[in-house]
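Worksheet: the structure to be examined is printed underneath.
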2 protein chains.
Amino acid sequence: MELAEAKLKFIEAWGKLGSEWGINRTMAQVHALLLVSPEALTTEEIMETLSISRGNANMTLRDLMGWGLVEKQHKAGERKEYFFADKDSWNIARQVAQERKKRELEPVIKILNELTELKGDDKDPAFKTFKKSVTDINKLAKNVNRTLETMLKADESWFFGSIFKIFK
Amino acid sequence: MELAEAKLKFIEAWGKLGSEWGINRTMAQVHALLLVSPEALTTEEIMETLSISRGNANMTLRDLMGWGLVEKQHKAGERKEYFFADKDSWNIARQVAQERKKRELEPVIKILNELTELKGDDKDPAFKTFKKSVTDINKLAKNVNRTLETMLKADESWFFGSIFKIFK
DNA sequence: ATAAACTTTCAATAAATTTTGAAAGTTTAA
DNA sequence: TTAAACTTTCAAAATTTATTGAAAGTTTAT
(Lines give C-alpha, C1' and ligand atoms only; values in the text may rest on other atoms or scores of the structure.)
Protein backbone atom coordinates (compact mmCIF):
# COMPACT_ATOMS: atom_id res chain seq x y z
CA MET A 1 0.00 0.00 0.00
CA GLU A 2 1.13 3.51 -0.76
CA LEU A 3 1.13 6.33 1.74
CA ALA A 4 -1.39 8.25 -0.37
CA GLU A 5 -3.74 5.28 -0.43
CA ALA A 6 -3.30 4.72 3.29
CA LYS A 7 -4.15 8.34 3.98
CA LEU A 8 -7.35 8.01 2.00
CA LYS A 9 -8.31 4.88 3.91
CA PHE A 10 -7.69 6.64 7.16
CA ILE A 11 -9.75 9.65 6.12
CA GLU A 12 -12.55 7.37 5.01
CA ALA A 13 -12.52 5.29 8.21
CA TRP A 14 -12.44 8.36 10.42
CA GLY A 15 -15.29 9.90 8.44
CA LYS A 16 -17.41 6.80 8.82
CA LEU A 17 -16.77 6.53 12.55
CA GLY A 18 -17.66 10.18 12.92
CA SER A 19 -20.95 9.85 11.10
CA GLU A 20 -21.88 6.80 13.16
CA TRP A 21 -21.36 8.85 16.30
CA GLY A 22 -23.26 11.95 15.30
CA ILE A 23 -20.32 13.93 13.97
CA ASN A 24 -20.71 15.15 10.45
CA ARG A 25 -18.74 13.06 8.01
CA THR A 26 -16.98 15.99 6.35
CA MET A 27 -15.91 17.37 9.69
CA ALA A 28 -14.35 14.06 10.63
CA GLN A 29 -12.66 13.83 7.23
CA VAL A 30 -11.16 17.30 7.40
CA HIS A 31 -9.92 16.45 10.87
CA ALA A 32 -8.40 13.20 9.61
CA LEU A 33 -6.70 15.01 6.75
CA LEU A 34 -5.13 17.53 9.10
CA LEU A 35 -4.08 14.74 11.45
CA VAL A 36 -1.98 13.06 8.80
CA SER A 37 -0.58 16.29 7.37
CA PRO A 38 2.82 17.27 8.69
CA GLU A 39 2.27 20.86 7.61
CA ALA A 40 -0.65 23.17 8.24
CA LEU A 41 -2.96 23.36 5.21
CA THR A 42 -4.88 26.18 3.58
CA THR A 43 -8.62 26.13 2.96
CA GLU A 44 -7.77 25.81 -0.72
CA GLU A 45 -5.71 22.66 -0.20
CA ILE A 46 -8.38 21.07 1.97
CA MET A 47 -11.08 21.87 -0.59
CA GLU A 48 -9.09 20.27 -3.35
CA THR A 49 -7.93 17.21 -1.47
CA LEU A 50 -11.40 16.31 -0.24
CA SER A 51 -13.33 17.75 -3.20
CA ILE A 52 -15.54 19.97 -1.11
CA SER A 53 -16.72 23.50 -1.68
CA ARG A 54 -15.18 26.62 -0.21
CA GLY A 55 -18.22 27.27 1.95
CA ASN A 56 -18.25 23.78 3.32
CA ALA A 57 -14.52 23.83 4.05
CA ASN A 58 -14.82 27.15 5.79
CA MET A 59 -17.73 26.15 8.01
CA THR A 60 -16.23 22.79 8.83
CA LEU A 61 -12.95 24.39 9.87
CA ARG A 62 -14.81 26.81 12.08
CA ASP A 63 -16.65 23.91 13.70
CA LEU A 64 -13.42 22.03 14.26
CA MET A 65 -11.93 25.09 15.90
CA GLY A 66 -15.09 25.33 18.02
CA TRP A 67 -14.41 21.78 19.19
CA GLY A 68 -10.82 22.74 20.00
CA LEU A 69 -9.45 20.14 17.62
CA VAL A 70 -7.96 22.45 15.01
CA GLU A 71 -6.11 25.74 15.16
CA LYS A 72 -5.31 28.55 12.78
CA GLN A 73 -1.76 29.41 11.94
CA HIS A 74 -0.50 32.53 10.23
CA LYS A 75 2.65 32.43 8.20
CA ALA A 76 4.80 35.54 8.19
CA GLY A 77 4.32 37.65 5.10
CA GLU A 78 1.28 35.68 3.95
CA ARG A 79 -2.36 36.61 3.93
CA LYS A 80 -3.63 33.06 3.79
CA GLU A 81 -4.75 31.20 6.88
CA TYR A 82 -3.30 27.79 7.58
CA PHE A 83 -4.95 25.12 9.68
CA PHE A 84 -3.47 22.29 11.67
CA ALA A 85 -4.78 19.65 14.06
CA ASP A 86 -3.52 18.65 17.46
CA LYS A 87 -1.78 15.32 16.83
CA ASP A 88 -2.04 14.02 20.40
CA SER A 89 -4.85 11.52 20.40
CA TRP A 90 -5.37 11.75 24.13
CA ASN A 91 -5.99 15.47 23.79
CA ILE A 92 -8.39 14.77 20.95
CA ALA A 93 -10.35 12.31 23.06
CA ARG A 94 -10.49 14.73 25.96
CA GLN A 95 -11.55 17.60 23.75
CA VAL A 96 -14.35 15.58 22.18
CA ALA A 97 -15.47 14.21 25.54
CA GLN A 98 -15.53 17.69 27.04
CA GLU A 99 -17.55 19.21 24.23
CA ARG A 100 -20.10 16.44 24.07
CA LYS A 101 -20.48 16.37 27.82
CA LYS A 102 -21.21 20.07 27.81
CA ARG A 103 -23.40 20.16 24.71
CA GLU A 104 -25.37 16.95 25.07
CA LEU A 105 -24.99 15.18 28.37
CA GLU A 106 -25.42 18.14 30.71
CA PRO A 107 -28.72 19.34 29.20
CA VAL A 108 -30.15 15.84 29.59
CA ILE A 109 -28.99 15.59 33.19
CA LYS A 110 -30.71 18.88 33.87
CA ILE A 111 -34.00 17.53 32.51
CA LEU A 112 -33.58 14.24 34.35
CA ASN A 113 -33.03 16.13 37.60
CA GLU A 114 -36.29 17.98 37.08
CA LEU A 115 -38.17 14.82 36.22
CA THR A 116 -36.74 13.03 39.25
CA GLU A 117 -38.51 15.53 41.45
CA LEU A 118 -41.97 14.72 40.20
CA LYS A 119 -44.27 13.81 43.08
CA GLY A 120 -46.97 11.22 42.71
CA ASP A 121 -48.78 8.23 44.07
CA ASP A 122 -46.30 5.49 44.99
CA LYS A 123 -49.05 2.92 44.63
CA ASP A 124 -49.59 3.80 40.98
CA PRO A 125 -47.51 1.38 38.86
CA ALA A 126 -47.26 3.97 36.09
CA PHE A 127 -45.73 6.44 38.52
CA LYS A 128 -43.47 3.87 40.12
CA THR A 129 -42.09 2.70 36.78
CA PHE A 130 -41.53 6.24 35.59
CA LYS A 131 -39.77 7.17 38.81
CA LYS A 132 -37.54 4.13 38.76
CA SER A 133 -36.44 4.50 35.16
CA VAL A 134 -35.80 8.21 35.39
CA THR A 135 -34.00 7.98 38.72
CA ASP A 136 -31.82 5.10 37.57
CA ILE A 137 -30.89 6.68 34.29
CA ASN A 138 -30.18 9.90 36.10
CA LYS A 139 -27.76 8.11 38.41
CA LEU A 140 -26.06 6.45 35.48
CA ALA A 141 -25.80 9.73 33.59
CA LYS A 142 -24.26 11.38 36.62
CA ASN A 143 -21.74 8.59 36.95
CA VAL A 144 -20.80 8.96 33.31
CA ASN A 145 -20.52 12.68 33.84
CA ARG A 146 -18.20 12.22 36.81
CA THR A 147 -16.08 9.76 34.87
CA LEU A 148 -15.73 12.22 32.02
CA GLU A 149 -14.88 15.02 34.40
CA THR A 150 -12.11 12.93 35.85
CA MET A 151 -10.87 12.06 32.38
CA LEU A 152 -10.68 15.72 31.52
CA LYS A 153 -8.37 16.37 34.42
CA ALA A 154 -6.30 13.25 34.11
CA ASP A 155 -3.40 12.59 31.82
CA GLU A 156 -3.42 9.56 29.63
CA SER A 157 -0.92 7.27 31.32
CA TRP A 158 -2.40 7.95 34.71
CA PHE A 159 -5.94 7.38 33.50
CA PHE A 160 -5.47 4.16 31.62
CA GLY A 161 -2.77 2.98 33.99
CA SER A 162 -5.10 3.37 36.95
CA ILE A 163 -8.07 1.84 35.21
CA PHE A 164 -6.19 -1.25 34.23
CA LYS A 165 -4.61 -1.71 37.58
CA ILE A 166 -8.02 -2.43 39.00
CA PHE A 167 -8.83 -4.80 36.16
CA LYS A 168 -5.61 -6.78 36.19
CA MET B 1 -46.16 18.74 36.35
CA GLU B 2 -48.34 15.78 35.53
CA LEU B 3 -47.08 12.26 35.03
CA ALA B 4 -48.26 12.32 31.42
CA GLU B 5 -46.38 15.52 30.74
CA ALA B 6 -43.28 14.22 32.48
CA LYS B 7 -43.38 11.09 30.34
CA LEU B 8 -43.49 13.19 27.19
CA LYS B 9 -40.55 15.25 28.36
CA PHE B 10 -38.60 12.12 29.07
CA ILE B 11 -39.42 10.64 25.67
CA GLU B 12 -38.43 13.87 23.98
CA ALA B 13 -35.15 14.19 25.89
CA TRP B 14 -34.22 10.58 25.24
CA GLY B 15 -35.04 10.99 21.57
CA LYS B 16 -32.86 14.06 21.27
CA LEU B 17 -29.94 12.42 23.05
CA GLY B 18 -30.28 9.42 20.77
CA SER B 19 -30.24 11.48 17.60
CA GLU B 20 -27.17 13.39 18.80
CA TRP B 21 -25.38 10.09 19.24
CA GLY B 22 -26.29 8.50 15.94
CA ILE B 23 -29.30 6.57 17.17
CA ASN B 24 -32.46 7.25 15.26
CA ARG B 25 -34.80 9.51 17.13
CA THR B 26 -37.82 7.25 16.82
CA MET B 27 -35.89 4.28 18.10
CA ALA B 28 -34.84 6.22 21.18
CA GLN B 29 -38.40 7.43 21.69
CA VAL B 30 -39.93 4.00 21.45
CA HIS B 31 -37.32 2.81 23.90
CA ALA B 32 -38.13 5.68 26.27
CA LEU B 33 -41.84 4.93 26.04
CA LEU B 34 -41.28 1.30 26.94
CA LEU B 35 -38.96 2.31 29.77
CA VAL B 36 -41.67 4.30 31.50
CA SER B 37 -44.45 1.80 30.82
CA PRO B 38 -45.16 -0.59 33.65
CA GLU B 39 -46.87 -2.99 31.26
CA ALA B 40 -45.68 -4.38 27.97
CA LEU B 41 -47.25 -2.53 25.03
CA THR B 42 -48.58 -3.63 21.65
CA THR B 43 -47.40 -2.23 18.35
CA GLU B 44 -50.80 -0.56 18.11
CA GLU B 45 -50.37 1.29 21.40
CA ILE B 46 -46.88 2.43 20.50
CA MET B 47 -48.04 3.68 17.11
CA GLU B 48 -50.80 5.69 18.69
CA THR B 49 -48.84 7.12 21.58
CA LEU B 50 -45.98 8.32 19.41
CA SER B 51 -48.01 8.98 16.25
CA ILE B 52 -45.89 6.82 14.02
CA SER B 53 -46.86 4.41 11.28
CA ARG B 54 -47.23 0.68 11.63
CA GLY B 55 -44.22 0.02 9.41
CA ASN B 56 -42.04 2.37 11.37
CA ALA B 57 -43.14 0.93 14.71
CA ASN B 58 -42.50 -2.59 13.49
CA MET B 59 -39.02 -1.87 12.16
CA THR B 60 -38.04 0.16 15.17
CA LEU B 61 -39.11 -2.60 17.53
CA ARG B 62 -37.11 -5.10 15.55
CA ASP B 63 -34.07 -2.84 15.77
CA LEU B 64 -34.50 -2.43 19.49
CA MET B 65 -34.70 -6.19 19.88
CA GLY B 66 -31.55 -6.45 17.76
CA TRP B 67 -29.86 -4.16 20.26
CA GLY B 68 -31.07 -6.35 23.09
CA LEU B 69 -32.94 -3.47 24.69
CA VAL B 70 -36.48 -4.68 24.15
CA GLU B 71 -38.15 -8.07 24.29
CA LYS B 72 -41.33 -9.61 23.01
CA GLN B 73 -43.88 -10.99 25.36
CA HIS B 74 -46.81 -13.23 24.53
CA LYS B 75 -49.90 -13.13 26.64
CA ALA B 76 -51.78 -16.39 27.09
CA GLY B 77 -54.79 -16.64 24.85
CA GLU B 78 -53.84 -13.59 22.78
CA ARG B 79 -52.47 -13.34 19.27
CA LYS B 80 -50.97 -9.91 19.74
CA GLU B 81 -47.32 -9.40 20.53
CA TYR B 82 -46.40 -7.24 23.47
CA PHE B 83 -43.09 -5.44 23.89
CA PHE B 84 -41.27 -4.37 26.99
CA ALA B 85 -37.89 -2.81 27.79
CA ASP B 86 -35.32 -3.86 30.32
CA LYS B 87 -35.65 -1.26 33.07
CA ASP B 88 -32.16 -1.71 34.51
CA SER B 89 -30.16 1.23 33.24
CA TRP B 90 -26.85 -0.49 33.82
CA ASN B 91 -27.95 -3.32 31.54
CA ILE B 92 -29.05 -0.76 28.98
CA ALA B 93 -25.66 0.93 29.03
CA ARG B 94 -23.87 -2.39 28.69
CA GLN B 95 -26.09 -3.51 25.87
CA VAL B 96 -25.55 -0.29 23.95
CA ALA B 97 -21.82 -0.32 24.61
CA GLN B 98 -21.55 -3.90 23.46
CA GLU B 99 -23.42 -3.35 20.23
CA ARG B 100 -21.59 -0.17 19.27
CA LYS B 101 -18.25 -1.69 20.10
CA LYS B 102 -18.99 -4.61 17.81
CA ARG B 103 -20.64 -2.65 15.01
CA GLU B 104 -18.52 0.47 14.91
CA LEU B 105 -15.39 0.38 16.99
CA GLU B 106 -14.07 -3.04 16.01
CA PRO B 107 -14.19 -2.42 12.24
CA VAL B 108 -12.19 0.77 12.72
CA ILE B 109 -9.62 -0.96 14.90
CA LYS B 110 -9.21 -3.54 12.18
CA ILE B 111 -8.45 -0.85 9.60
CA LEU B 112 -6.15 1.00 11.99
CA ASN B 113 -4.22 -2.22 12.59
CA GLU B 114 -3.68 -2.60 8.87
CA LEU B 115 -2.64 1.01 8.44
CA THR B 116 -0.22 0.75 11.35
CA GLU B 117 1.73 -1.83 9.41
CA LEU B 118 2.47 0.43 6.48
CA LYS B 119 6.20 0.57 5.84
CA GLY B 120 7.87 3.71 4.60
CA ASP B 121 10.68 6.17 4.85
CA ASP B 122 11.13 7.35 8.42
CA LYS B 123 12.80 10.48 7.19
CA ASP B 124 9.75 11.53 5.22
CA PRO B 125 7.72 13.93 7.40
CA ALA B 126 4.52 12.90 5.61
CA PHE B 127 5.16 9.29 6.52
CA LYS B 128 6.20 10.08 10.07
CA THR B 129 3.10 12.16 10.75
CA PHE B 130 0.83 9.52 9.28
CA LYS B 131 2.46 6.80 11.31
CA LYS B 132 2.29 8.75 14.54
CA SER B 133 -1.36 9.72 14.20
CA VAL B 134 -2.50 6.29 13.15
CA THR B 135 -0.48 4.47 15.79
CA ASP B 136 -1.61 6.79 18.56
CA ILE B 137 -5.25 6.64 17.63
CA ASN B 138 -4.98 2.89 17.32
CA LYS B 139 -3.65 2.67 20.86
CA LEU B 140 -6.41 4.89 22.14
CA ALA B 141 -9.07 2.89 20.31
CA LYS B 142 -7.70 -0.32 21.79
CA ASN B 143 -7.77 1.16 25.24
CA VAL B 144 -11.35 2.21 24.78
CA ASN B 145 -12.11 -1.26 23.51
CA ARG B 146 -10.56 -2.87 26.55
CA THR B 147 -12.44 -0.56 28.86
CA LEU B 148 -15.71 -1.47 27.19
CA GLU B 149 -14.89 -5.14 27.36
CA THR B 150 -14.36 -4.84 31.07
CA MET B 151 -17.58 -2.92 31.45
CA LEU B 152 -19.43 -5.70 29.70
CA LYS B 153 -18.27 -8.21 32.24
CA ALA B 154 -18.56 -6.04 35.29
CA ASP B 155 -21.59 -5.27 37.34
CA GLU B 156 -22.46 -1.69 38.04
CA SER B 157 -21.49 -1.31 41.66
CA TRP B 158 -18.19 -3.02 41.07
CA PHE B 159 -17.44 -0.94 38.02
CA PHE B 160 -18.26 2.50 39.33
CA GLY B 161 -17.12 1.57 42.82
CA SER B 162 -13.70 0.60 41.52
CA ILE B 163 -13.37 3.55 39.22
CA PHE B 164 -14.11 6.02 41.96
CA LYS B 165 -11.86 4.37 44.45
CA ILE B 166 -8.91 5.32 42.29
CA PHE B 167 -10.23 8.86 41.90
CA LYS B 168 -10.96 9.56 45.55
C1' DA C 1 -9.28 55.61 -1.93
C1' DT C 2 -8.93 51.42 -4.61
C1' DA C 3 -8.11 46.96 -5.69
C1' DA C 4 -6.51 42.52 -4.84
C1' DA C 5 -6.46 38.65 -1.71
C1' DC C 6 -8.71 36.33 1.11
C1' DT C 7 -12.86 34.81 4.33
C1' DT C 8 -17.64 34.43 5.52
C1' DT C 9 -22.49 34.00 4.74
C1' DC C 10 -26.69 31.91 3.37
C1' DA C 11 -30.52 30.83 0.11
C1' DA C 12 -30.93 27.31 -3.00
C1' DT C 13 -29.94 22.61 -4.05
C1' DA C 14 -28.57 18.04 -3.35
C1' DA C 15 -27.95 14.02 -0.66
C1' DA C 16 -28.96 11.08 3.01
C1' DT C 17 -32.04 9.37 6.22
C1' DT C 18 -36.43 8.40 8.02
C1' DT C 19 -41.24 7.46 7.60
C1' DT C 20 -45.36 6.01 5.48
C1' DG C 21 -48.95 2.89 4.14
C1' DA C 22 -50.76 -0.40 1.40
C1' DA C 23 -49.86 -4.94 -0.16
C1' DA C 24 -47.90 -9.31 0.81
C1' DG C 25 -46.89 -12.61 4.18
C1' DT C 26 -47.81 -15.45 8.26
C1' DT C 27 -50.19 -17.69 11.95
C1' DT C 28 -54.16 -19.39 14.36
C1' DA C 29 -58.84 -20.93 15.03
C1' DA C 30 -62.85 -22.97 13.50
C1' DT D 1 -59.82 -24.68 3.78
C1' DT D 2 -60.88 -20.16 4.72
C1' DA D 3 -60.89 -16.06 6.96
C1' DA D 4 -59.65 -13.12 10.49
C1' DA D 5 -55.88 -11.33 13.20
C1' DC D 6 -51.79 -9.98 13.18
C1' DT D 7 -46.79 -8.95 11.31
C1' DT D 8 -43.50 -7.78 7.82
C1' DT D 9 -41.81 -5.64 3.69
C1' DC D 10 -40.34 -2.05 0.74
C1' DA D 11 -40.96 1.52 -2.95
C1' DA D 12 -42.37 6.01 -2.77
C1' DA D 13 -42.80 10.32 -0.17
C1' DA D 14 -41.48 13.29 3.41
C1' DT D 15 -38.21 15.12 6.26
C1' DT D 16 -33.81 16.28 7.86
C1' DT D 17 -29.16 17.31 7.18
C1' DA D 18 -25.22 18.62 4.42
C1' DT D 19 -23.28 21.08 0.54
C1' DT D 20 -22.74 24.35 -2.97
C1' DG D 21 -21.30 28.63 -4.96
C1' DA D 22 -21.87 33.19 -5.84
C1' DA D 23 -22.32 37.45 -3.52
C1' DA D 24 -21.13 40.13 0.40
C1' DG D 25 -17.77 41.14 3.74
C1' DT D 26 -13.11 41.95 5.46
C1' DT D 27 -8.31 42.94 5.54
C1' DT D 28 -4.02 44.47 3.67
C1' DA D 29 -0.99 46.78 0.46
C1' DT D 30 -0.24 50.46 -2.51
Side-chain angles (χ1 to χ4, degrees), chain A residues 11-12 14-34 40-67 69-84 100 103-104, chain B residues 11-12 14-34 39-67 70-84 100 103-104:
Chain A
I11 289 168
E12 196 189 331
W14 207 232
K16 185 159 182 255
L17 188 65
S19 68
E20 284 165 344
W21 285 81
I23 287 159
N24 149 353
R25 165 181 234 83
T26 303
M27 185 164 149
Q29 288 183 336
V30 170
H31 183 228
L33 173 61
L34 292 175
L41 302 179
T42 61
T43 304
E44 206 82 18
E45 290 168 319
I46 292 166
M47 285 166 58
E48 280 165 24
T49 311
L50 300 178
S51 307
I52 61 175
S53 72
R54 183 173 302 284
N56 196 5
N58 180 270
M59 283 190 150
T60 298
L61 286 166
R62 279 213 278 107
D63 279 356
L64 282 168
M65 289 189 288
W67 281 72
L69 295 174
V70 163
E71 286 176 50
K72 269 188 193 170
Q73 192 175 66
H74 287 281
K75 294 202 179 174
E78 286 202 56
R79 296 270 308 268
K80 259 178 286 188
E81 294 179 329
Y82 288 78
F83 300 89
F84 69 99
R100 300 200 79 156
R103 296 182 194 192
E104 297 150 13
Chain B
I11 288 168
E12 196 189 332
W14 207 233
K16 184 156 183 258
L17 189 65
S19 67
E20 285 166 343
W21 285 80
I23 286 159
N24 143 2
R25 167 182 231 81
T26 304
M27 185 164 150
Q29 288 183 335
V30 171
H31 183 228
L33 173 61
L34 292 175
E39 308 287 341
L41 302 180
T42 61
T43 303
E44 207 81 19
E45 289 167 318
I46 293 166
M47 286 166 58
E48 279 165 25
T49 311
L50 301 178
S51 306
I52 61 174
S53 72
R54 184 173 300 285
N56 195 7
N58 180 271
M59 285 190 147
T60 298
L61 286 166
R62 277 214 277 108
D63 279 355
L64 282 168
M65 288 188 290
W67 281 73
V70 163
E71 286 177 51
K72 268 187 193 171
Q73 190 175 68
H74 286 281
K75 294 202 178 173
E78 286 203 56
R79 295 271 309 266
K80 259 179 288 190
E81 294 179 330
Y82 288 78
F83 300 90
F84 68 100
R100 300 200 78 155
R103 296 182 195 192
E104 296 150 12

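Below, chain A is the first sequence line, B the second, and so on; all start at residue 1. Bear in mind the structure is a predicted one, so any value in this text is a computation, not a measurement.
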Atom pair distance, as rounded to whole Å: [atom1] in [X] and [atom2] in [N]:
{"X": "Gln29(B)", "N": "dT19(C)", "atom1": "CD", "atom2": "C1'", "result": "13 Å"}
{"X": "Leu50(A)", "N": "dT20(D)", "atom1": "CG", "atom2": "C1'", "result": "15 Å"}
{"X": "Glu44(A)", "N": "dA5(C)", "atom1": "CD", "atom2": "P", "result": "12 Å"}
{"X": "Met27(B)", "N": "dT19(C)", "atom1": "CE", "atom2": "P", "result": "12 Å"}
{"X": "Asn24(B)", "N": "dA16(C)", "atom1": "CG", "atom2": "C1'", "result": "13 Å"}
{"X": "Leu41(B)", "N": "dC6(D)", "atom1": "CG", "atom2": "C1'", "result": "17 Å"}
{"X": "His74(A)", "N": "dT27(D)", "atom1": "NE2", "atom2": "P", "result": "11 Å"}
{"X": "Gln73(B)", "N": "dT7(D)", "atom1": "CD", "atom2": "C1'", "result": "18 Å"}

* Asked: Taking only residues two or more places apart in sequence or in another chain, which ones pass salt bridge (Lys or Arg N to Asp or Glu O under 4.0 Å) with Lys75(B)?
  ->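 None.
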* How would nucleotides 25-30 of chain C be written as a contact map, 5' to 3', with B for base contact, S for sugar-phosphate-only contact and - for no contact, using protein heavy atoms under 4.0 Å? -> --BB--
* Asked: How are the rings of His31(B) and Trp14(B) set to each other: parallel, tilted or perpendicular (split at 30° and 60°)?
  ->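 The arrangement is tilted - the two ring planes meet at 30° to 60°.
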* Indicate yes or no: at least one non-hydrogen side-chain atom of Thr49(A) is less than 4.5 angstrom from one of Gln29(A). =>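 The answer is no; the side chains never approach within 4.5 Å.
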* **Heavy-atom side-chain contact between Val30(B) and Asn56(B) under 4.5 Å** =>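 A side-chain contact under 4.5 Å is absent here.
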* Sequence neighbours excluded, which residues qualify as side-chain hydrogen bond (donor to acceptor under 3.5 Å, both in side chains) partners of Ser19(B)? ->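 Once residues adjacent in sequence are excluded, the partners of Ser19(B) under the side-chain hydrogen bond (donor to acceptor under 3.5 Å, both in side chains) criterion are Arg25(B).
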* Under the side chain to side chain contact (heavy atoms under 4.5 Å, CB included) rule, collect the residues that match up with Phe84(A), sequence neighbours excluded. =>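 Per chain and number, Phe84(A) pairs via side chain to side chain contact (heavy atoms under 4.5 Å, CB included) with Ala40(A), Glu71(A), Gln73(A).
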* Just to confirm, is there a sub-4.0 Å distance from OP1 or OP2 of dT19(D) to any side-chain nitrogen or oxygen of Thr26(A)? -> yes
* **Stepwise side chain to side chain contact (heavy atoms under 4.5 Å, CB included) test for Leu33(B) and Ile46(B)** => CA-CA 8 Å; Leu33(B) 173 61; Ile46(B) 293 166; 4.2 Å; yes
* Using the test ring pair (Phe, Tyr, Trp, His ring centres under 6.0 Å), find all partners of Trp67(A) that sit at least two apart in sequence or belong to another chain. =>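 Checked Trp67(A) against ring pair (Phe, Tyr, Trp, His ring centres under 6.0 Å); zero matches.
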* **Within residues 51-66 of chain B, residues whose heavy atoms come under 4.0 Å of DNA chain D** =>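 Of all residues in residues 51-66 of chain B, the ones placing a heavy atom under 4.0 Å from DNA chain D are Arg54(B), Gly55(B), Asn58(B), Met59(B), Arg62(B).
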* Is it the case that more than 12 heavy atoms not belonging to Glu12(A) sit under 6.0 Å from its CD atom? -> no
